[in-house]
Amino acid sequence: MRSFFVLLLIICTASVNAQPFSFYKEKYRPQFHFTPAIHWMNDPNGLVYHRGEYHLFYQFNPFGNRWGHMSWGHAISKDLVRWQHLPLAIPEEKDTMIFSGTCISDINNTSGFADQPGTLPLVAIYTAHIENVSQSQHLAYSLDDGRTWTKYNKNPILDIGSKEFRDPQVFWYAPQKKWVMSVVLATNKKIRFYSSYNLKQWEQMSEFGPAGDISGIWECPDLFEVPVIGEPGKTKWVLMHSPAPYMQYFIGDFDGTTFRNENPADKIFRPDYGPDYYAAITYRNLPANSSPVSIGWINNWNYANDIPTTPWKSAMSLPRKLAIRKINNEWILLQQPADVVKSLRQKVLLMLKNETIDKTKKLSIKTQQCEIEIVLQPSVVTVSGVRLAAGNGHEIEIGYNAKTQILYIDRSKTSNRSFNENFEKLSHYETKLVLSNKLLRLNIFFDNSIVEVFANNGEAALTAQFFPDEKDNGIELFSINGVTKLASLNIWKMGSAW
Ligand code: FRU
């Protein structure tokens, strides 16, 4: 029976590839964010660039539109924004689900899996989850660029007898020619670091945590090196992870054994201050001199299973280009949409320059799928910004309070919120943002039921889902408590990821 469903999935997936446009037009369906054709998806897994292809594996239920039967779904892209579905990569097996993990291109064949010259092993390391019994780290490898996978016959490769030990992320630490794994002890709120020379035997090196946000369990760690803006050649290490249901990061140094946070210990730093950004990880094996790139899951465990989309659930964020900068003695992770996202821009829908906003300014266009670049010069006491999905008393508001220096997103007036009481409650999100040159620069990606906001060169990001009626397609600018100068506004229609 199970194999029948897997076959059905493969057929459906193949037909999505053959006729993408008839399938992907359902209500709320994002068009330029990755979504599975059918069924439930959560965390991105195994992000790796390998022989000219960006792989996106993801937590996937091949049997339904709620969490369960976790397996690795699979898609590839030549450019990180246009995706092609591939058949299920690593299916659940009997009682063992395939939880989150990593994928690396083993270019030196340290694992020894390549048995012929010219073969380049892709190695996946993931958590094997047996409900109420165990979580241990397992390995699978592919010798045909991720198309078929073999589970290692000596699994597990790392087992500490825990039920809460998961989400390994592995990278090559070049100075000591070894692999490093970060993995969480979820309920202890700790990240452990292990090292290996062959991806099969692992030795514990150190631990980090509890620290920062310890209100929820810790999941999905990722440790990676990031260039410092304005200081060529200088890098720092970012330790990012998901204290449920949000994310946080630490920035400091890693000496091959231990990570040391250099940011204030009493402050929480988040890669995204909106409700729907979780389990983000970065790409492995990117071409030399590329900036690190991350992708996150756009959903929130407080209501994820109930969102009103069918026949699929959940989307991935746009690929985000990462850098860091020191601002007021704190290291800040800067996130911008990867440059290639610009290639999805189609025609310009509207351009404005040097205008003023007094109360409400309704724009002449109507759309639920666009990119907006807006530069505002708010005066001292105004609250100003953009309203999307506006109509019939509905709207989602992205605003900046110049007095309190708070950037916020508020979805309390969007339609269709009653599917889950947590969703109704979790409606207002904000973060402090100090303006430089008195300008607020917002880059907003609106994709039917998703909005991703990047502020001031990536100093803050806010991602949210909402479920507007089709007629709620107006866009407005607003300024309360005075007039706000609109320095510039550009709106593009956005193309599709398929
Ligand atoms: C995070 C997470 C991971 C786990 C996976 C299971 O969203 O809970 O810790 O590996 O999802 O689907």
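One-based numbering, in listed order, for ligands and for the atoms of each. Only heavy atoms go into these numbers, but all of them, side chains included; no hydrogens, no water, no symmetry mates.
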Test of proximity, R166 against ligand 1: N or O pairs below 3.5 Å: yes

Does W67, backbone or side chain, put an N or O under 3.5 Å from an N or O of ligand 1? yes

Shortest protein contact, atom 9 (O) of ligand 1 (heavy atom only): D167 OD2, 2.6 Å

Is E262 paired with R260 through a side-chain N to carboxylate O contact shorter than 4.0 Å? no

Quick one: nearest non-hydrogen protein atom to atom 12 (O) of ligand 1, plus distance? Q59 OE1, 2.7 Å

Is it the side chain, the backbone, both or neither of A279 that has a heavy atom closer than 4.0 Å to ligand 1? neither

At what distance is the nearest protein heavy atom to atom 7 (O) of ligand 1, and which residue and atom is it? D43 OD1, 2.7 Å

Tell me which part of V184 gets within contact of ligand 1: side chain, backbone, both or neither, using heavy atoms under 4.0 Å. neither

State whether a side-chain donor-acceptor pair under 3.5 Å links D447 with Q31. no

Going by the angle between their ring planes, with limits at 30° and 60°, are F63 and H69 parallel, tilted or perpendicular? perpendicular

Taking heavy atoms and a distance under 4.0 Å, where does Y278 meet ligand 1: side chain, backbone, both or neither? side chain

Go through the side-chain N and O atoms of H241 and D222 and say whether any donor and acceptor fall under 3.5 Å apart. no

